[in-house]
Protein chains: 2
Amino acid sequence: MPSEAVDNYLKAIYEIAGDDGRASTASLARKLSVAPASVTGMLQKLAVRNPAPVEYEKHHGARLSDHGKQRALEVIRHHRLIELFLHRMLGYSWDEVHDEAERLEHAISEQLEDRIAERLGDPEVDPHGHPIPRKDGTIPPRRDLSLLDLFVGAKTMVSRVSDNDPEILRYLSELGITPGTTLHLTERAPFDGPLMLEVGPDKEKHALGPRVAGEIRVVPPAANGETTG
Amino acid sequence: MPSEAVDNYLKAIYEIAGDDGRASTASLARKLSVAPASVTGMLQKLAVRNPAPVEYEKHHGARLSDHGKQRALEVIRHHRLIELFLHRMLGYSWDEVHDEAERLEHAISEQLEDRIAERLGDPEVDPHGHPIPRKDGTIPPRRDLSLLDLFVGAKTMVSRVSDNDPEILRYLSELGITPGTTLHLTERAPFDGPLMLEVGPDKEKHALGPRVAGEIRVVPPAANGETTG
DNA sequence: GAATTCTTTTAGGGCTGTCTAAATAAAATA
DNA sequence: TATTTTATTTAGACAGCCCTAAAAGAATTC
């Protein structure tokens with residue numbers, strides 16, 4: 001198992017260069033808040049590990065090997081599952097989840113990862129709309145997500161509404177919530193509490209229970225600011 | 001903030017010697033799975049830190065200072081809260097919680113500690129009957145605990161039953177569950193599922209929902225085996 | 001009280017991951 | 001192309017935490 005420091009290098013390379021590009025020494029130094037010389041040293045060591053998680057060429061930065069890519073995605077999966085868990089189960093808000101996940105992602109076991117995923121219903125995207133890598137290393141295609149998965153503050157648009165409960169559908173159209181409607185999630189009570197929404201161009205305020213909110217799918221809001229979330 | 005290694009030393013001293021005794025080099029080496037020479041080195045360093053978490057006298061082992069005691073209790077609080085959380089919220093069983101908590105206890109923030117505690121209703125004992133130190137460093141007196149807080153496998157005795165729901169009381173006496181009755185928790189479905197119990201000397205099997213189980217208080221089972229749990 | 005045994009400490013290293021300062025290579029500019 | 005600027009690497013060091021081997025102190029036994 002790679003050390004926490006190594007995992008952070010792999011994650012940083014992935015976030016800077018994706019799964020095929022090269023990350024420069026300087027960009028890694030900036031992202032990891034270490035001196036450039038430290039990055040060089042680490043990359044040199046990683047490149048001769050067996051199996052090597054990175055390919056490294058002097059003066060041309062580092063690229064993830066298949067092995068390194070696998071590991072980076074696993075760490076990112078941990079990170080995003082933890083963020084969603086903190087949000088859904090413990091009332092964390094948008095701005096609070098990242099730092100906490102940053103430390104926990106290195107400390108959870110495979111087993112805990114699995115149970116968290118199960119508890120969340122094997123989610124495919126985090127509340128920012130970032131996809132959560134699957135256990136096999138594939139990445140779910142970006143698509144709409146549940147209103148329940150949004151962080152407070154998000155502005156988005158209804159993409160569809162679950163069609164298996166006519167009563168709920170009737171209720172929603174009374175509120176003016178149909179595909180295409182703009183929504184602004186202004187507040188959320190913790191512990192599966194109600195969501196406060198501003199609906200449509202008139203910004204009508206409505207409170208929605210989690211039961212109902214779970215049936216509403218919205219387009220992923222643009223991910224802005226933080227990059228890992 | 002002390003390093004993870006330091007926290008483990010402080011916790012080990014507390015577990016070996018309590019909050020006033022001295023822990024020997026050898027006992028610490030055994031508990032932490034390191035060489036005795038490593039323990040000596042660490043204790044010497046800790047004793048000259050400022051503020052120093054331990055008092056150390058050559059050949060006479062180490063004792064926690066007030067400062068060190070405070071920190072040890074904080075780590076133990078983390079550990080036990082996490083164990084209870086994994087058990088109650090994620091379906092972990094007795095034997096699974098310890099190792100997971102051992103790593104997570106170093107990674108959670110004060111904020112997460114608080115939210116976990118809140119979510120669990122500020123519990124005072126973990127499922128083994130070990131008290132959970134409070135935030136101020138005091139330790140709750142040992143007393144009975146909820147049947148919900150028991151781990152699978154525990155054998156115990158009913159100490160009292162909540163008296164504010166006569167219907168539940170009637171139901172329980174039908175099952176033969178009254179103060180003094182012995183109970184063996186044989187099984188527990190995850191995610192707030194039902195508990196399977198063997199009741200009384202005849203070991204009658206009954207399934208109890210969490211609603212009802214929450215009303216039953218039992219004496220803490222003897223803590224055996226693991227010491228941190 | 002002396003000898004033996006057990007425990008603890010000292011001495012000297014190793015590994016990981018970081019740093020600064022100086023050297024070198026690559027890129028940009030004149 | 002020559003020069004300057006910027007990015008990267010090398011060299012040498014250090015802190016934290018661990019190790020083994022050998023020395024020294026404490027406890028036990030004779």
Side-chain angles (χ1 to χ4, degrees), chain A residues 1-14 16-17 21-64 67-68 71-72 75 102-103 105-107, chain B residues 1-14 16-17 21-64 67-68 71-72 75 102-103 105-107:
Chain A
M1 185 86 65
S3 70
E4 188 167 329
V6 169
D7 276 347
N8 283 332
Y9 274 87
L10 301 181
K11 198 172 56 143
I13 295 170
Y14 187 90
I16 289 169
R22 312 179 95 87
S24 70
T25 302
S27 63
L28 287 169
R30 221 172 312 124
K31 181 143 212 142
L32 295 165
S33 302
V34 299
S38 307
V39 174
T40 301
M42 178 63 97
L43 294 180
Q44 287 172 340
K45 268 185 261 175
L46 293 182
V48 299
R49 271 247 239 287
N50 198 293
V54 310
E55 294 157 25
Y56 168 67
E57 247 185 300
K58 246 188 208 177
H59 293 284
H60 292 83
R63 173 168 49 212
L64 291 173
H67 181 255
R71 181 64 194 170
V75 177
E102 199 67 21
R103 274 169 292 115
E105 66 188 12
H106 306 290
Chain B
M1 189 86 63
S3 72
E4 189 166 327
V6 169
D7 275 347
N8 283 333
Y9 273 87
L10 299 182
K11 198 171 56 143
I13 295 170
Y14 187 89
I16 289 168
R22 311 180 94 88
S24 71
T25 302
S27 62
L28 287 169
R30 221 173 309 123
K31 180 141 213 145
L32 296 165
S33 302
V34 298
S38 306
V39 174
T40 301
M42 179 63 98
L43 294 180
Q44 287 172 342
K45 267 185 263 173
L46 292 183
V48 299
R49 270 246 238 292
N50 195 293
V54 310
E55 292 158 26
Y56 168 65
E57 248 184 301
K58 246 188 207 177
H59 294 284
H60 292 83
R63 173 173 45 214
L64 292 173
H67 182 257
R71 181 65 194 169
V75 177
E102 199 66 22
R103 275 169 294 110
E105 66 188 11
H106 306 290

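Every chain is numbered from 1 and lettered A, B, ... according to where its sequence line falls, protein lines coming before strand lines.
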In chain order, what residues pass the side-chain contact (heavy atoms from CB on, under 4.5 Å) check against A35(B), with sequence neighbours excluded?
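Checked A35(B) against side-chain contact (heavy atoms from CB on, under 4.5 Å); matches are S38(B).
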Any chance you could measure N8(A), atom CG, to K31(A), atom NZ, to the nearest 0.5 Å?
11.0 Å
H106(A) NE2 to M1(A) CE distance, which is reported to the nearest 0.5 Å:
12.0 Å
List in numerical order all residues of residues 56-64 of chain A for which some heavy atom is under 4.0 Å away from an atom belonging to DNA chain C.
H59(A)
Nucleotide-resolved protein contact map, nucleotides 11-19 of chain C, B/S/- at heavy-atom distance under 4.0 Å
------BSB
Counting the atoms with a prime plus P, OP1 and OP2 as sugar-phosphate, which does T40(A) contact under 4.0 Å by heavy atoms, base, sugar-phosphate, or nothing?
base
[N] [atom2] sits how many Å from [X] [atom1], rounded?
{"X": "L43(B)", "N": "dC17(D)", "atom1": "CG", "atom2": "P", "value": "12 Å"}
{"X": "R22(B)", "N": "dA26(D)", "atom1": "CZ", "atom2": "P", "value": "14 Å"}
{"X": "L46(B)", "N": "dT9(C)", "atom1": "CG", "atom2": "P", "value": "13 Å"}

Given R71(B), which of P51(B), P2(B), P53(B) fulfils the side chain to side chain contact (heavy atoms under 4.5 Å, CB included) condition?
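Checked P51(B), P2(B), P53(B) against R71(B); only one passes side chain to side chain contact (heavy atoms under 4.5 Å, CB included): P2(B).
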Using a cut-off of strictly less than 4.0 Å, decide whether Q44(A) has a side-chain nitrogen or oxygen near OP1 or OP2 of dT8(D).
no
Please check the phosphate of dT9(C) (OP1 and OP2 only) for any side-chain N or O of T25(B) closer than 4.0 Å.
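Checking dT9(C) against T25(B), a side-chain N or O does come within under 4.0 Å of OP1 or OP2.
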Let me check something: any side-chain donor-acceptor pairs from residues 21-30 of chain A under 3.5 Å, sequence neighbours excluded? List them with distances.
from, atom 1, to, atom 2, distance (Å)
R22(A), NE, H60(A), O, 2.8
R22(A), NH2, E57(A), OE1, 3.2
S24(A), OG, S27(A), N, 3.1
S24(A), OG, S27(A), OG, 3.0
S27(A), OG, S24(A), N, 3.2
S27(A), OG, S24(A), O, 2.8

Pairs flagged by salt bridge (charged side-chain N to carboxylate O under 4.0 Å, His left out) wherever residues 46-56 of chain A is involved - sequence neighbours left out
E55(A)-R63(A)
For L46(B) and Y56(B), what are the C-alpha separation, side-chain angles and deciding distance, and is it a side-chain contact (heavy atoms from CB on, under 4.5 Å)?
CA-CA 8 Å; L46(B) 292 183; Y56(B) 168 65; over 6 Å; no
State, yes or no, whether a side-chain contact exists between L10(A) and V75(A) at a heavy-atom distance under 4.5 Å.
no
